[in-house]
Structure formats: structure tokens, C-alpha cells
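Have a look at the structure below before the remarks.
Numbered from 1 within each chain, the chains take letters A, B, ... in sequence-line order. In this text the structure is predicted, and so the values were computed from the model without any measurement.
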Protein chains: 2
Amino acid sequence: MNKKKLQTEQTKKKIADASRALFIQKGYKATSIEDIVKATACSAGNIYYHFKSKEGLFLYLIDEWNREWDETWLAKEQSFPTVIEKIYGLAEHLALDQLNHPLTKAVDEFYNNTEKPTEVEEHIGEIVQGYLTFNRQLLQQGIDNGELQNFNINGLAVILDSLFLGLSQHSRNMSRQETMDTYRLAVDVFLRGVAAV
Amino acid sequence: MNKKKLQTEQTKKKIADASRALFIQKGYKATSIEDIVKATACSAGNIYYHFKSKEGLFLYLIDEWNREWDETWLAKEQSFPTVIEKIYGLAEHLALDQLNHPLTKAVDEFYNNTEKPTEVEEHIGEIVQGYLTFNRQLLQQGIDNGELQNFNINGLAVILDSLFLGLSQHSRNMSRQETMDTYRLAVDVFLRGVAAV
DNA sequence: TGATCTAGAATGAATATTCAGTATTTTGAA
DNA sequence: TTCAAAATACTGAATATTCATTCTAGATCA
């Protein structure tokens, strides 16, 4: 049991990679199985052999994506001594690769398009919550060590995420450099707004 | 030509109102003509009698929407003497009725899902630009009269809009009160971040 | 009567999913 | 070791579904 396992792994990855790119580029609905078939040069049946459904494929990508985000951030986080630097680091991380934001176009579109709460919606809800919790912890840390003022943490967590979420949308119409600058300026303003005296 | 005209006006409004709500709630693609038929209790044919197409209907809504926004804001604006109050007023205006934000789900989804630039996309692009221009002027005014610090205006305009855009997404999961509070807090932070000394 | 308005079934295109069959690899008993 | 059956990986045409749009006919008002 070797060559088969390897093969499966490879095609699954091939499908995942191609469809991820397509979902990001075109959105969830606008990406058809046919598109993925063309991009991967494997049959529709094969896609359904490896993934339960289009929705299941999407779910797989979201989870993978979220997992990777945690990993890469954890690796980076160590290098920022203060919370303020962490927030700048976070902004840069997001600006450099907006795809890393768990709430990108496709997810958001999906979230809005489905009628009934599907498995995917629950997952997304959890991921968003996780993201807010992450922000809360970051801010709490800053408050604890005196870097930040003791504002309403829950509110600030949402605001920080909103800022990045909104920026990720606008950044579609901006150059790399503009994006970086704007993210940075946003953090400047945010921090100046919440910094301790 | 009276009763007929009235009738036409009414059904057109009925269709517009119902579909606006649906587009906002479910997104553009996920809203089917059938949905609108159910919501309005008038037939598919009727919808097509009054509007050229689904896209045409959407376009109509966007324009109407933008027009109304200008009007209502202009009416409100007078009552805010300072720029700072204007920004709070703006936040409240948006929080109270997120539908007023030109870049809501449906618009954004539409913007992303279509392959080729359609008439609608151009409209949306213009509206977004108009919105940023509006923010720029507001901020410039604040700088001119000494309320705000002389930051990078273009960047700030995007940031302010991003903030509201992101908040409008998160507010879907918040109560009315939470929404109001969070919008307000966001402006607190923003202003504290850009206020003159 | 003729213009305007409305209904709702029919059409047709797009597209997610299934299925019946084929090719390849693994397994394990002779 | 060998080789046939089992398991696995895959194909692509067929099917099912969804949905925008059109069409024909009927109702209502001037």
C-alpha cells in the first residue's frame, strides 16, 4: 500500500490547489466543477471520488487554510516582543497575503449564499469566533502589560478584525505598495486610538 | 392614465423592495427570480415586464440606493456642526441601516463573481470612488479647521471606509445595540487615532 | 377598442452529481 | 514466487436540478 496512497495524495492535492486558486479568483458559485476539471485535467468523477461534494471540497480547503494560518502565525509571533509590534506584524502578515484571512471573498460569499445552516457555515462561524478570540487575547495582553488602554475588549476585537476585513476588500484595487502602506497606516491610527497615554 | 400608472408604480416598488431585501440577505446569485416571485406574490413575467433582467433589477436598486444615500445624508449633514460629530453621525447612519453602505454583500459578491466588466460593475466602481471622495472631503475639512491631524488623507479615507465595511459584515452577527455600540467605539478609536493633539 | 399590466407554464442553458464500467495496484494463498 | 481476486483510482457520458428568460393568453383600465 504505497503507490496508491501516494497517487491519492497527489491528486487530492492537485484538486485542492487548483480549486483553491479558482475559488479565490472567481468566488464559490462562479467556480464550476467543469472549471476544476479543466484546471486539473482529471475527470468530474474523480473529483467526486476524492471529495464528497463541491461544498465538501470547499470545507476541506477552509479547514486546511485555517490550520496553516495558525501554524505560520505561531511561527512568526515569537519574533515580536511587544503587543504593538505583534499587531503591526499581524497587519503585515495579512497585507502580504490576504488569502490568509479566513474571511476572504469566497468564504464570505458562501456564508451569505446558503439558506440553511450547513456544516460549512458552522465551520466558518467557528473560525470567525476563533479569530475574534485571538484578537481579544492579543489586546488583553497589551492591556495587561500596560501597552494599551483598558478599552472594551470585545468591541475592539471586532473593530480590529473589521478593519482588516474591510482593508482586504479595498486592497483588491490597490497596488502591493499601497496595500502595505494602508495596512500600516491603519494600525498607526488604531494603536494611536487605543494606546496607553 | 392614473390608476394604471399608480399600479405600475406600486408593483415596481413592491418588486424593488422585496428583491432589495433578498439581495442583501442572500446575495445576488442566491436570490432567484422564484424567490422574488414568492416574496412579492406576483409572477415571473410581471417582474420581467417591469425590469429588463435580473441584472437590470439589481442595477436599478444600486442606483436608487446611491441616490437615496446622498439625499438622506445631505439632509442629516446640516445638523452636525463639527467634522468629528459628522463622523459619529456617519457611523450611526451606517449602523442603523447597513443597507446604506454601497459595498454590501450583494454588491461585493456581484463584483467578484462576474467575469467580464459589466455595466453594473462600472456603476459599482464609480459609487465606491464617490464614497472615498466623500470621506476625503470630510477628512480634509477636519484637517483644515484643525480638528484632525494632517495624516495621509487618501489612506485615511480608505481606512475609514474599510472600518465601516468590515463592521457591516460583523454586524450581521450582532444585536442592534451591540452594533450601535461597536460602530461608536470604532469611531472613538479612529478619532482618537487621528485627532489633533 | 387598444394600451397597459399580469399570470404562469414552457424553454433552454448551465451545472452539480451519479453511475456503470475500466485500468491499475495490492493482497495473500497456493 | 505467482497470479487471480479484491481493493483502489479513475473516466466520461447520463441524469437531475436549478434557474433566468420567453411566450401565450387573459385581465383591467382609459
Name the closest nucleotide to the [X] side chain, picking from [options].
X: A/Lys3; options: C/dT15, C/dT26, C/dT17; answer: C/dT26
X: B/Gln7; options: D/dA20, C/dT6, D/dC10; answer: C/dT6
X: A/Thr8; options: C/dT4, D/dA9, C/dT15; answer: D/dA9

In whole angstroms, how far is the [atom2] atom of [N] from the [atom1] atom of [X]?
X: B/Leu22; N: D/dC19; atom1: CG; atom2: C1'; result: 15 Å
X: A/Ile36; N: C/dT17; atom1: CD1; atom2: C1'; result: 13 Å
X: B/Asp35; N: D/dT18; atom1: CG; atom2: C1'; result: 11 Å
X: B/Glu55; N: D/dC19; atom1: CD; atom2: P; result: 18 Å
X: A/Ile47; N: D/dA13; atom1: CD1; atom2: P; result: 15 Å
X: B/Lys54; N: D/dT21; atom1: NZ; atom2: P; result: 8 Å
X: A/Lys29; N: D/dA20; atom1: NZ; atom2: C1'; result: 13 Å
X: B/Tyr28; N: D/dC19; atom1: OH; atom2: P; result: 13 Å

Partner set under side chain to side chain contact (heavy atoms under 4.5 Å, CB included) for [X], not counting sequence neighbours:
X: B/Asn152; value: A/Leu185, B/Asn154
X: A/Ser79; value: none
X: B/Lys14; value: B/Thr11, B/Thr40
X: B/Thr182; value: A/Val158, A/Ile159, B/Leu167, B/Met174

Between [X] and [N], is there a side-chain N or O to OP1/OP2 distance below 4.0 Å?
X: A/Lys4; N: C/dT26; answer: no
X: A/Tyr48; N: C/dT18; answer: no
X: B/Thr11; N: C/dT6; answer: yes
X: A/Tyr49; N: D/dC10; answer: no
X: A/His50; N: D/dC10; answer: yes
X: B/Gln10; N: C/dC5; answer: no

Mind listing the N/O atom pairs, protein and nucleotides 7-10 of chain C, below 3.5 Å?
{"from": "C/dA7", "atom 1": "OP2", "to": "B/Ser43", "atom 2": "N", "distance (Å)": "2.8"}
{"from": "C/dA7", "atom 1": "OP2", "to": "B/Ser43", "atom 2": "OG", "distance (Å)": "3.4"}
{"from": "C/dA7", "atom 1": "OP2", "to": "B/Asn46", "atom 2": "ND2", "distance (Å)": "3.3"}
{"from": "C/dA7", "atom 1": "N7", "to": "B/Ser43", "atom 2": "OG", "distance (Å)": "3.3"}
{"from": "C/dG8", "atom 1": "O6", "to": "B/Gly45", "atom 2": "N", "distance (Å)": "3.4"}

For this session: Quantify the bending of the helix from C/dT1-D/dA30 to C/dA30-D/dT1 as the angle between its end axes, each fitted on five pairs, to 10°.
Result: 10°
Problem set entry | Side-chain donor-acceptor pair present, A/Ser32, A/Asp35, cut-off under 3.5 Å | yes
Problem set entry | Counterpart residues, ring-ring contact (aromatic ring centres under 6.0 Å, His included), relative to B/Tyr60 (two or more places apart) | B/Phe51
Seminar exercise, completed: Those residues at least two apart in sequence (or on a different chain) that pass salt bridge (charged side-chain N to carboxylate O under 4.0 Å, His left out) with A/Lys13 are A/Asp17
For this session: Would you please name every residue forming a salt bridge (charged side-chain N to carboxylate O under 4.0 Å, His left out) with A/Glu34, sequence neighbours left out?
Result: none
Problem set entry | Cation-pi geometry met for B/Lys54 and B/Phe23 (6.0 Å, 45°) | no
Exercise. Roughly how far, to the nearest 0.5 Å, is NZ of A/Lys3 from OG1 of A/Thr8?
Worked result: 13.0 Å
